[in-house]
Amino acid sequence: MNYDLFDNDNSGEYWTEGICDGAVVLRQFATNTAPELISVINLITQQSPFRHMKTTGGYTMSAALSGCGSLGWISDHAGYRYSAIDPTTGLSWPEMPAVLFELAQKAAAEAGYDNFTPDACLINRYKVGAKMSLHQDKDEQDFSAPIVSVSLGLPATFLFGGKQRSDKTIKVPLTHGDVVVWGGEVRKNFHGILPIKADSHLLLGEERINITFRVAG
Ligand code: MD3
Ligand code: FE
C-alpha cells in the first residue's frame, strides 16, 4: 500500500491508498463537500424517490436506489439496464448537479483519468442491516471509463473480489468522505457491501449513502 498526503482545492486534506492496479481510494476526498452533497441528494430524491429494485431472481434489494444524470439504472421483468426515464415517475432523471459532476471529475483526474464525463450517477441508500451481494457492473457501454464511488454516512465494509464469483475477496473499510476510483483491470471485478452495522452518523443518522458515477451510454 502507498500512502501520500495531498490537499484538494477545497483545502481539505486527503490521502490515497492503492488497492491494486486500477483501484485507488482517495481517503476523505469528499468530506468538505459532504454537507452540500447531502443537500443536493435530498433535492434529487424529492424528484426521483428512493425505491427498492427487484433482482432478476425475484429478490427485493435491501439498498434503495435513486439517481441523476441523463441515464439511470433500472431493473424489471426484462432485466437490468440503463434508461433515460425513471420508471417510478415516468419522467427524466433529475439533472446531475455541478457539485456532483465536478467532484467525480476531480477524483477521476487524481487517479489518472482526465476528462471523465459521467452520464449516470446512481445513489444507493443503505439502512442498518442493508447489504449488496457480490455482483459485477456490466450494464454500461464503455468499460474503458472508470467508476467513481463516494461514501457518505455510516461506515461499510466493501468486499472486493476477482473476475469470478468464487475468487477470494479482500475487505476494504469505507467511511464518510472516502472516494474510490475503479478502472482498467478491475472494472469488471466482483464486489459487494457487507450488512451495515447499527450506529449513527452526525450528518446522516442511521444511514449510509453511496454515490457512483459511470459512463453508461
Ligand atoms: C469495483 N455499489 O452500485 S460502490 C453498485 O457501496 C455498487 O453502494 C456499492 O456496487 C455501494 O453497483 C459499491 C464501489 C464500486 C462500484 C462499482 C465497481 C466498486 C466497484 C465496479 C467494479 C469494481
Ligand atoms: Fe456494483
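When a ligand or atom number is given, it counts from 1 through the structure's own listing order.
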Shared hydrophobic cluster, L203 / L103 (ILVMFWY, side-chain heavy atoms < 4.5 Å): yes
Can you give me every donor-acceptor pair (side chain of residues 128-136, partner residue at least two apart or in another chain, under 3.5 Å) with its distance?
{"unit_1": "K131", "atom_1": "NZ", "unit_2": "S133", "atom_2": "OG", "d": "3.2"}
{"unit_1": "H135", "atom_1": "ND1", "unit_2": "S133", "atom_2": "O", "d": "3.0"}
{"unit_1": "H135", "atom_1": "ND1", "unit_2": "H191", "atom_2": "O", "d": "3.2"}
{"unit_1": "H135", "atom_1": "NE2", "unit_2": "D137", "atom_2": "OD1", "d": "2.9"}
{"unit_1": "H135", "atom_1": "NE2", "unit_2": "H191", "atom_2": "NE2", "d": "3.0"}
{"unit_1": "Q136", "atom_1": "OE1", "unit_2": "K138", "atom_2": "NZ", "d": "3.4"}
{"unit_1": "Q136", "atom_1": "NE2", "unit_2": "K188", "atom_2": "O", "d": "3.0"}

Any donor-acceptor N or O pair under 3.5 Å, side chains S39, N42: no
Angular separation of NE2 (H191) and NE2 (H135) seen from the Fe ion (ligand 2), to 10°: 90°
Where A23 and W182 come nearest, the two heavy atoms and their spacing: CB-CE3, 3.7 Å
For L194, all residues meeting side chain to side chain contact (heavy atoms under 4.5 Å, CB included), sequence neighbours excluded: T157, L159, K171
Check ligand 1 against the protein and report each N/O to N/O distance under 3.5 Å, formatted as atom name, atom name, distance.
{"unit_1": "ligand 1", "atom_1": "3 (O)", "unit_2": "N124", "atom_2": "OD1", "d": "3.0"}
{"unit_1": "ligand 1", "atom_1": "3 (O)", "unit_2": "R214", "atom_2": "NH2", "d": "3.3"}
{"unit_1": "ligand 1", "atom_1": "6 (O)", "unit_2": "R208", "atom_2": "NH1", "d": "2.8"}
{"unit_1": "ligand 1", "atom_1": "6 (O)", "unit_2": "R208", "atom_2": "NH2", "d": "3.2"}
{"unit_1": "ligand 1", "atom_1": "6 (O)", "unit_2": "N210", "atom_2": "ND2", "d": "3.4"}
{"unit_1": "ligand 1", "atom_1": "8 (O)", "unit_2": "N124", "atom_2": "OD1", "d": "3.2"}
{"unit_1": "ligand 1", "atom_1": "8 (O)", "unit_2": "Y126", "atom_2": "OH", "d": "2.5"}
{"unit_1": "ligand 1", "atom_1": "8 (O)", "unit_2": "N210", "atom_2": "OD1", "d": "3.3"}
{"unit_1": "ligand 1", "atom_1": "10 (O)", "unit_2": "H135", "atom_2": "NE2", "d": "3.2"}
{"unit_1": "ligand 1", "atom_1": "10 (O)", "unit_2": "H191", "atom_2": "NE2", "d": "3.0"}
{"unit_1": "ligand 1", "atom_1": "12 (O)", "unit_2": "H135", "atom_2": "NE2", "d": "3.2"}
{"unit_1": "ligand 1", "atom_1": "12 (O)", "unit_2": "D137", "atom_2": "OD1", "d": "3.3"}
{"unit_1": "ligand 1", "atom_1": "12 (O)", "unit_2": "D137", "atom_2": "OD2", "d": "3.1"}
{"unit_1": "ligand 1", "atom_1": "12 (O)", "unit_2": "R214", "atom_2": "NH2", "d": "3.1"}

Proximal heteroatom of D137 relative to the Fe ion (ligand 2) (N/O/S): OD1
Qualifying residues under salt bridge (Lys or Arg N to Asp or Glu O under 4.0 Å), relative to R208, sequence neighbours excluded: none
Hydrophobic cluster membership, I123 vs V99, 4.5 Å side-chain cutoff: yes
